[in-house]
Amino acid sequence: MPELPEVEVVRRGLARWVSGRKVDEVTVLHQRSVRRHPAGAEDFAKRLQGAVLGQAHRRGKYLWLPLADDLSMVAHLGMSGQFLVRPAGEPAETHLRVRITFADALGTELRFVDQRTFGGLSLHEPVPGDPEGLPYPLAHIARDPIDPAFDDDAFHAALRRKRTTIKRALLDQSLISGVGNIYADEALWRTRLHYERPTAGMTRPRTAELLTHIREVMGDALAAGGTSFDSLYVNVNGESGYFDRSLDAYGREDRPCRRCGTPIRRRPWMNRSSYFCPRCQPVPRAS
DNA sequence: CGTGGCCCCTGATTGC
DNA sequence: TGCAATCAGGGGCCAC
């Protein structure tokens with residue numbers, strides 16, 4: 001389940017192994033993987049053929065590589081997406097969705113593999129005047145907390161304005177990007193905040209503490225090469241990253257809280273799960 | 001318009 | 001043993 005640190009690892013892999021190469025052939029093996037390309041799979045392939053893939057950019061969990069002609073190839077890994085750089089001619093992976101070959105002599109091709117097809121590739125024009133050439137579908141995606149331009153004060157003000165709960169806000173990519181279910185639980189545990197705490201009650205020091213912990217969790221994961229729980233996450237060269245043994249809350253139902261020993265609880269939440277320590281992170285009164 | 005909830009998908013795991 | 005239910009979850013989309 002790639003979160004921001006994993007996606008950043010993929011970005012670096014693309015920058016090293018793919019940027020600057022000229023596309024030869026594009027084969028779309030699953031329509032759903034290009035569903036965000038409005039003009040369809042054939043158009044996607046046609047426009048990409050012959051283009052040189054530019055520098056690899058990231059905003060939150062989105063990746064994009066500008067082409068020479070104003071369009072960018074946008075990628076989202078979703079739940080199970082992987083970019084693999086493989087020797088051309090290697091057998092296709094079971095869930096290979098898009099194959100991109102190159103017009104050079106390096107002998108490798110780029111493969112987008114995605115078991116659950118929540119991810120996908122598409123081509124888009126930039127938001128007019130955006131200095132980074134941010135593609136249109138990403139216009140509403142906020143900066144991530146390890147982006148130097150992330151505005152802590154603006155984030156705090158947005159939390160105060162909202163009438164929602166803290167974990168919902170952390171997963172709202174228009175407020176802060178790159179935080180997924182796992183790292184939200186980890187950061188809330190570190191901050192001793194229950195996931196249903198109203199954002200309107202956040203104080204400035206509390207927000208600052210929360211951001212610090214989010215950055216620590218992400219930084220730790222990035223240093224470890226990304227988090228993984230199974231073989232679904234593989235970086236651009238096919239190597240798994242492992243970080244799960246240092247998780248404090250996520251996936252630890254009934255196991256003792258590393259701070260106080262109280263068994264960690266799991267609660268159904270938004271069709272997924274929230275993990276928390278009932279003692280360190282007490283349920284807010286008004287919920 | 002802001003907020004909350006549903007749903008897309010596949011495979012591993014669990015339960016009967 | 002075999003089949004069905006459950007779970008995993010990013011984020012777009014829609015209803016209220």
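If you're wondering where the values come from, they're calculated on a predicted model, not measured in any experiment. Computation of the quantities below employed the complete heavy-atom set of this structure, encompassing side-chain atoms and omitting hydrogens, waters and symmetry-equivalent molecules.
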Just the rounded figure in Å: distance from P of C:dG10 to NE2 of A:H140. 14 Å
Could you tell me whether the phosphate oxygens of C:dG10, OP1 or OP2, come under 4.0 Å of any side-chain nitrogen or oxygen in A:R272? yes
Presence of A:K162 side-chain N/O under 4.0 Å of B:dT3 phosphate oxygens OP1/OP2: yes
Cut-off 3.5 Å, side chains only: do A:H37 and A:S122 have a donor facing an acceptor? no
So A:R36, base contact, sugar-phosphate only, or nothing? Heavy-atom distance under 4.0 Å. sugar-phosphate
Please determine whether a side-chain nitrogen or oxygen atom of A:R168 lies at a distance below 4.0 Å from atom OP1 or OP2 of B:dG5. yes
Under 3.5 Å, is there a donor-acceptor pair linking the side chains of A:S177 and A:K61? no
Could you work out which one of B:dC9, C:dG10, C:dG12 sits closest to the side chain of A:N181? C:dG10
A:H95 side chain N/O closer than 4.0 Å to the phosphate oxygens (OP1, OP2) of B:dC9? no
Are A:D114 and A:R32 close enough for a salt bridge, meaning some N to O gap below 4.0 Å? no
Below 4.0 angstrom from OP1 or OP2 of C:dG10, is there any side-chain N or O of A:Y183? no
Classify the nucleic acid contact of A:H30 as base, sugar-phosphate or nothing, counting any heavy atom under 4.0 Å across all strands shown. nothing
It should be established whether A:T164 places a side-chain nitrogen or oxygen under 4.0 Å from OP1 or OP2 of nucleotide B:dG4. yes
On DNA chain C, check which nucleotide each of A:S273 and A:G178 is closest to and give me the residue with the more 5' one. A:S273
For a quick test of reading the model: is some side-chain N or O of A:R266 closer than 4.0 Å to OP1 or OP2 of C:dA8? yes
Thinking salt bridges, do A:E109 and A:R111 make one under a 4.0 Å N-O criterion? yes
Rounded distance (Å) that lies between atom C1' of B:dC7 and atom CZ of A:R116: 15 Å
5'-most contact on DNA chain B: A:R163 or A:T117, nearest heavy atom basis? A:R163
